[in-house]
Q: 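Mind having a look at this structure? Questions to follow.
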Amino acid sequence: MEQKMFCYQCQETAGCKGCTVSGVCGKKPEVAAMQDLLVYVTKGLAAVTTALRQEGRLVTAEINHLITLNLFTTITNANFDQESIKARIQATLTAKQALLAQVQSPDGLPEAARWDGTGDWAAKAAAVGVLATADEDIRSLRELITYGLKGLAAYSKHANVLLKDDEAVDAFLQKALAATLDDSLSAEDLLALAMETGKYGVAGMAMLDKANTDAYGNPEITQVNIGAGTNPGILVSGHDLRDLEMLLEQTQGTDVDVYTHSEMLPAHYYPAFKKYPNFVGNYGNAWWKQKEEFEAFHGPILMTTNCIVPPKDSYKDRLYTTGAAGFPGCTHIPGEIGGQKDFSVIIEHAKKCAAPAELETGTIIGGFAHAQVLALAYKVVEAVKSGAIKKFVVMAGCDGRAKSREYYTEFAKALPQDTVILTAGCAKYKYNKLALGDINGIPRVLDAGQCNDSYSLAVIALKLKEVFGLQDINDLPIIYNIAWYEQKAVIVLLALLHLGVKNIHLGPTLPAFLSPNVAKVLVEKFGIAGIGTVEDDMAFFFNDNK
């Protein structure tokens, strides 16, 4: 069969090898090609900005934001709109040419920094995609770094919209992105760069955590309604809290309710959002169920970031995008960092729609980010010391469509009653509605929030290490059994490795972009492993010698 594209950046890539005809995510070859070209020109721009910094020149926040938004646009399920991606390529070429003229010594710059956009873009994309790197191990490490940087860019962008920036993070991101073009770097050099990417992943997540908590307060224990009201509603999915805030402000007094979906659920945990009377609850489950759930919602849906499933015709006219997200035929709401977005078209649309169909009733509990858990630290420590809590299991990460992900539901059900789950990200939907009970008043599922809130899990682990006077974080009674799907999970993994965490199990499959040799190094150096059956993994994780 003719290969029309090549992409293996997500867990569901075809055959765990690579999508070559069309993306499992729904991405068409033409879109994949333009995403490849956008990454290429962004690498070229990063090489130019890195050269300028080396010459003592400043790089503006506008350019930093352009680069992070470009990378965010290419994350799995974020943007399927070929024309918007082409526009970003052209904007990047224009910015790059202007900055290139300022470089005093351009001779050492790579071809990506010099390309001015002339010629056939489709042909150029075919020549510069993932497979342009012939050596399998070098390709694997370059993609590991690139995907980690995509995740870091996503988290940086969320902080940027709350007017938080970290020049050191931007400078590193661009330097590392440019380094993936450097043929002089060995596999050892690239592995070291991947680990350094984890270091800046921690810094980027810390920046976003501060941005969110400065703006909205520290998340607190919250019971979230999962039923539906009688007013028309707007459903908000994705991760961007600033978009949600602007929408809530603009819906006051309109008799339109606002609901979260999937990764937006943790917004309910922030004190600042509780002042809005029409912020009524969470509707539905993880992102991959949206075709059925969006249809049943009846009202408009706002996708603020990635996790778009190509929509059905029955609700496509109700699907709106903003930020990095995009889908052809769906209305895109524009807006720049620091500006106000106008959501009036969505609000007026909602007023003409029926109320959501009720999918379920009741509540779910969350809000266990680091500040809240540390406030309860005495209870947690006492429970551990008394033996009421024997182990914590970090089951953070992503959810997805694959039937093999039912493993995580069955794993949660099978956990001993003296075990507590620490989670963040949409992986929670595999077990957050199970009746797992509590231990001395501590819920057995502690939900820290979105995937970027995995930082909270690291802070909690480091605090427990300090409280128990341990020298090694791996001496804590914590197991890591993490589901992954896309590139934000990659930066979380690299961040955990930077913090010294070992013996992380990843599933339902190991990344296809890890070559056998690179995977072997990660296994030997960090104890990275896949998952088995629930029964086998229970025996392994809860063997007293482990």
Side-chain angles (χ1 to χ4, degrees), residues 8-13 16 71 75-76 140-156 169 172-173 176 180 190-206 208-209 239 263 306 393-400 405 408 422-428 448-462 473-474 478-515 518-531:
Y8 61 178
Q9 68 177 0
C10 85
Q11 187 274 322
E12 289 186 356
T13 194
C16 202
L71 293 181
I75 279 181
T76 303
S140 176
L141 288 164
R142 284 178 172 177
E143 295 310 302
L144 173 62
I145 293 164
T146 300
Y147 302 154
L149 295 174
K150 287 187 180 188
L152 177 55
Y155 296 153
S156 293
V169 169
F172 171 79
L173 185 151
T180 64
L190 291 170
L191 181 61
L193 185 59
M195 295 306 105
E196 191 177 7
T197 301
K199 171 185 174 181
Y200 283 91
V202 174
M205 286 189 282
L208 177 55
D209 179 80
H239 308 73
E263 280 277 51
N306 56 308
V393 183
V394 174
M395 291 178 68
C398 316
D399 199 8
R405 289 180 181 269
Y408 294 100
L422 302 175
T423 192
C426 60
K428 68 169 73 67
Q450 297 180 342
C451 53
N452 45 281
D453 293 315
S454 298
Y455 173 74
S456 275
L457 305 184
V459 171
I460 292 167
L462 291 170
I473 196 170
N474 297 292
I478 299 179
I479 295 164
Y480 293 84
N481 193 13
I482 297 175
W484 81 282
Y485 185 82
E486 41 86 358
Q487 297 78 67
K488 285 175 287 181
V490 177
I491 192 60
V492 171
L493 172 65
L494 293 176
L496 289 173
L497 295 182
H498 166 72
L499 292 172
V501 176
K502 294 186 177 181
N503 303 318
I504 297 171
H505 287 243
L506 290 177
T509 59
L510 290 178
F513 55 80
L514 295 181
S515 69
V518 171
K520 183 172 182 286
V521 169
L522 294 180
V523 169
E524 292 175 349
K525 190 175 179 66
F526 302 106
I528 297 290
I531 62 171

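Please read these numbers as outputs of a predicted model, since none were measured by experiment. Starting from 1, each residue takes its place in the sequence as its number.
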Q: When you measure from the side chain of Lys525 to the backbone of Leu522, do you find a donor-acceptor pair of N or O atoms at a distance under 3.5 Å?
A: no
Q: Can you tell me if Asn503 uses its side chain to pair, donor with acceptor, with the backbone of Tyr480 under 3.5 Å?
A: no
Q: Quick one: NZ on Lys502 to CG on Leu497, what's the gap to the nearest 0.5 Å?
A: 10.0 Å
Q: Would you check if the side chain of Asp453 reaches a backbone N or O of Gln450 as a donor-acceptor pair within less than 3.5 Å?
A: yes
Q: Heavy atoms only: give me the nearest Ala203-Val169 pair and the separation to one decimal.
A: CB-CG2, 4.0 Å
Q: Which is it for Leu141 and Leu193 under the side-chain contact (heavy atoms from CB on, under 4.5 Å) test, yes or no, and what are the steps along the way?
A: CA-CA 9 Å; Leu141 288 164; Leu193 185 59; over 6 Å; no
Q: Do any N or O atoms from the side chain of Thr423 and from the backbone of Met395 form a donor-acceptor pair under 3.5 angstrom?
A: yes
Q: Quick check for you: to the nearest 0.5 Å, what is the distance between Thr509 atom OG1 and Glu12 atom CD?
A: 9.0 Å
Q: Looking only at non-hydrogen atoms, find the nearest pair between Ala194 and Leu144 and report the distance.
A: CB-CD2, 4.0 Å
Q: If we only count heavy atoms from C-beta on, is the Gln9 to Val490 side-chain gap below 4.5 Å?
A: no
Q: Do the side chain of Asn306 and the main chain of Ile75 share a donor and acceptor less than 3.5 angstrom apart?
A: no
Q: So, taking the atom named CD1 in Ile473 and the one named CG in Leu462, what distance separates them when rounded to the nearest 0.5 Å?
A: 4.5 Å
Q: In terms of the angle between their ring planes, are Trp484 and Phe513 parallel, tilted or perpendicular, with boundaries placed at 30° and 60°?
A: perpendicular
Q: Might you work through the side-chain contact (heavy atoms from CB on, under 4.5 Å) test for Phe172 and Leu149, ending with a clear yes or no?
A: CA-CA 10 Å; Phe172 171 79; Leu149 295 174; 4.2 Å; yes
Q: Which pair of heavy atoms, one from Arg405 and one from Gly400, lies closest together, and at what distance?
A: CD-N, 3.2 Å
Q: Determine, stepwise, if the pair Leu71 / Leu173 fulfils side-chain contact (heavy atoms from CB on, under 4.5 Å).
A: CA-CA 11 Å; Leu71 293 181; Leu173 185 151; 3.9 Å; yes
Q: When rounded to the nearest 0.5 angstrom, what is the spacing between OH in Tyr155 and CG in Leu208?
A: 8.5 Å
Q: Would you say the side-chain atoms of Thr13 pair up with the backbone N or O of Cys10, donor to acceptor, closer than 3.5 Å?
A: no
Q: Taking the side chain as everything from C-beta on, heavy atoms only, tell me whether Lys488 gets closer than 4.5 Å to Ser454.
A: no
Q: Identify the heavy atoms of Cys398 and Ala489 that sit nearest to each other, and give their distance.
A: SG-CB, 3.9 Å
Q: Could you measure the distance from the OG1 atom of Thr146 to the CD atom of Gln487? Nearest 0.5 Å is fine.
A: 10.5 Å
Q: Indicate yes or no: at least one non-hydrogen side-chain atom of Leu152 is less than 4.5 angstrom from one of Leu494.
A: no
Q: Check for a donor-acceptor pair, side chain of Lys520 on one end and backbone N or O of Ser515 on the other, with a separation under 3.5 Å.
A: no
Q: Can you name the nearest heavy-atom pair linking Ile482 to Tyr408, along with the distance?
A: O-OH, 3.6 Å
Q: Identify the two heavy atoms, one from Glu263 and one from Cys426, that lie closest to each other, and give their separation to 0.1 Å.
A: OE1-N, 3.5 Å
Q: So, taking the atom named CD1 in Ile145 and the one named CD1 in Ile491, what distance separates them when rounded to the nearest 0.5 Å?
A: 10.5 Å
Q: Please test Thr76 against Tyr485 for side-chain contact (heavy atoms from CB on, under 4.5 Å), starting from the C-alpha separation and ending with a verdict.
A: CA-CA 9 Å; Thr76 303; Tyr485 185 82; 3.8 Å; yes
